[in-house]
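Down below is the structure, laid out as structure tokens.
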Amino acid sequence: MKKYDEYQIFMKYKCANHSFNLLTGLLLVNAFLGVRLGSRWEWGTMKEVEVLVILLIASLFNTIISVYHNAWYTKVNEKRGYMWFFLISGIINLTFTIEYFISNPNSLLINGKIGFEIFKLMPALLGLSISIPYFIREWNEKRMEKNE
Amino acid sequence: MAKNIRLKTARTQKDLSQEQLADAVDVTRQTISAIERGDYNPTINLCIKICKVLGVTLNDLFWEE
């Protein structure tokens, strides 16, 4: 038995394609503005931070649209349990991270530029991006069924 | 793409839910939902599986006049 059905595989390719286009677009825009505006366009403490933040945005986008289109989990996964786990862990992580940023206000932005500390948000964002689209989709499907 | 009303009708005539049909043809419920909504064109293999479970022909479900 295959792990994913044909529609899930099709959606996985489609989501990956959209994410790759987004990644390429953001990298190109960032590089173009960097060349055009020079140091005025530096928004990360290092060039690596800028590239990693763009990668994070593209991967989160991929996660969100894959979960929304049911292409994230295999067809036999017990999704609801996982989703609640990711939602709760995401909220807990986000609370702790925000608390950390409030107690260390200079760690997130250094001279107005984003530092490596931004990646402390990653586990929280990942947890929320896996769970929230699933619940939105579920709610949306119920709404559509009612309309039919 | 137009909605596949004929699939939905054949499924309800057999008294099957989307979940039950999905289990019978080894796909997820969302895949059946996408086919019924007309968002996805299934492969011929999946079409045959669905027709076998519902006891209808390919023409009955998927042939567009």
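Within every chain, numbering begins at 1; the chains are lettered A, B, ... in the order of the sequence lines, protein sequences first and strands thereafter.
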- Message: Whether the side chain of A:Glu6 engages the backbone of B:Thr43 through a donor-acceptor N/O pair (distance < 3.5 Å, no angle test) should be reported.
- Response: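 Yes; at least one donor-acceptor contact below 3.5 Å.
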- Item | Side-chain donor/acceptor of A:Asp5 to backbone N/O of B:Thr28, under 3.5 Å |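 Side chain of A:Asp5 to backbone of B:Thr28: a pair is present.
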Please answer: with hydrophobic residues joined when any side-chain heavy atoms are less than 4.5 Å apart, are [X] and [Y] in the same cluster?
{"X": "A:Met83", "Y": "A:Ile92", "result": "no"}
{"X": "A:Phe116", "Y": "A:Trp43", "result": "yes"}
{"X": "A:Ile64", "Y": "A:Ile132", "result": "no"}
{"X": "A:Ile9", "Y": "B:Val25", "result": "no"}
{"X": "B:Tyr40", "Y": "B:Ile44", "result": "yes"}

- Task: Give, as side chain, backbone, both or neither, the part of A:Tyr4 having an atom under 4.5 angstrom from any heavy atom of chain B.
- Result: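 The answer is neither part of A:Tyr4.
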- Task: Taking the side chain as every heavy atom from C-beta outward, state whether B:Val27 and A:Gln8 have any atom pair closer than 4.5 Å.
- Result: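 No. Closest side-chain heavy atoms not under 4.5 Å.
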- Query: About how many Å separate CD of A:Glu141 and CZ of B:Arg29, when rounded to the nearest 0.5 Å?
  - Reply: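 Output value for this atom pair is 4.5 Å.
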- Distance, nearest 0.5 Å, that separates CD of B:Gln30 from NE2 of A:His69: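 Separation between the atoms: 12.0 Å.
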